[in-house]
Amino acid sequence: MTARQVRPRTRALVLCGAVGLSLALTGCGGSSDTKPPTAPSTASSAAPAPSVSPVDPDAAVKAAVLASYSSMWVEQMKAYRVASPDGTKLDDFATLDALSAFERDLATMKKNNTRVTGGVGHEPEVTALDLEAKIPTATVEDCIDLSKWKAERTSG
């Protein structure tokens with residue numbers, strides 16, 4: 001699934017909005033290329049090393065990407081609760097392909113008199129950024145919990 005919003009503003013907003021978010025929705029439990037945990041070093045030294053957390057230079061950009069991604073899900077859930085995109089901002093966050101998929105889902109829901117209740121749990125993480133591309137991109141991996149997601153009939 002890909003989400004994209006086109007608005008030329010500041011770089012952070014561009015990355016949050018116009019960025020082509022390549023959303024790799026993976027299953028919970030990791031991927032096949034995960035590395036096993038590394039055992040801590042048992043070598044002793046004369047002086048303890050200071051505890052320093054590395055600062056992620058892309059932290060603000062990643063936060064903006066995750067905010068955009070989360071906003072897309074909020075708008076998607078608004079639409080799915082009433083089986084209609086009316087009153088939502090889905091088109092602010094989704095590419096044409098993703099928006100078409102949402103609209104097909106909503107048309108099917110409307111035809112079958114169904115809607116969604118409950119919610120979706122997420123564990124999104126930005127796993128890659130390409131800020132130098134013509135259209136900057138971010139890859140988001142998300143572990144989605146559908147245990148509280150429920151489709152129900154609205155009539156009939």
Item to check | Candidate pair Asp142 and Trp73, rule side chain to side chain contact (heavy atoms under 4.5 Å, CB included), full reasoning | outcome: CA-CA 12 Å; Asp142 193 353; Trp73 272 99; 4.3 Å; yes
Checklist entry - When you look at Arg104 and Leu106, which way does the side chain to side chain contact (heavy atoms under 4.5 Å, CB included) test go after all the steps? => result CA-CA 5 Å; Arg104 281 191 305 273; Leu106 294 169; over 6 Å; no
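- The distance from the CZ atom of Arg115 to the CD atom of Glu152 is 4.0 Å, given to the nearest 0.5 Å.
- When side chains are defined from C-beta on, Thr154 does not count as touching Thr114, because their heavy atoms never get closer than 4.5 Å.
- Counting heavy atoms from C-beta on, the side chains of Lys148 and Val120 never come closer than 4.5 Å.
- Residues Leu131 and Asp58 have side chains in contact (heavy-atom distance under 4.5 Å, counting atoms from C-beta outward).
- For Asp105, the side-chain hydrogen bond (donor to acceptor under 3.5 Å, both in side chains) criterion is met by Tyr80, not counting sequence neighbours.
- Interatomic distance, CG of Leu90 versus CD of Gln76, reported as 7.0 Å (0.5 Å rounding).
- Taking every heavy atom of both residues into account, Gly119 and Arg81 meet most closely at CA-NH2, 4.4 Å.
- With a 6.0 Å radius and a threshold of 12 heavy atoms from other residues, nucleotides or ligands, Lys89 has its NZ atom at or below the threshold.
- Inspection of the Thr95 and Asp97 side chains reveals no N or O donor paired with an N or O acceptor under 3.5 Å.
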Next on the checklist: Determine whether Glu125 and Val140 satisfy the following criterion, side chain to side chain contact (heavy atoms under 4.5 Å, CB included), listing intermediate values before the conclusion.
Outcome noted: CA-CA 5 Å; Glu125 176 186 2; Val140 176; over 6 Å; no
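- For Met77 against Gly118, the heavy-atom pair with the smallest separation is CE-O, 4.0 Å.
- With sequence neighbours left out, Lys78 forms a salt bridge (charged side-chain N to carboxylate O under 4.0 Å, His left out) with Glu75.
- Between the side chain of Thr88 and the backbone N or O of Pro85, at least one donor-acceptor pair lies under 3.5 Å.
- Counting all heavy atoms, side chain and backbone alike, Ala94 lies closest to Leu99 at CB-N, 3.9 Å.
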Next on the checklist: For a side chain to side chain contact (heavy atoms under 4.5 Å, CB included) check, start with the C-alpha distance between Val126 and Glu141, then their side-chain angles and the critical distance, and finish with the verdict.
Outcome noted: CA-CA 6 Å; Val126 177; Glu141 290 185 3; over 6 Å; no
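- What you find for Ala83 and Met109 is that their closest heavy atoms are CB-CB, 3.9 Å.
- Taking both residues in full, the closest heavy atoms of Asn112 and Arg153 are given as O-NH1, 2.6 Å, listed atom of the first, atom of the second, then distance.
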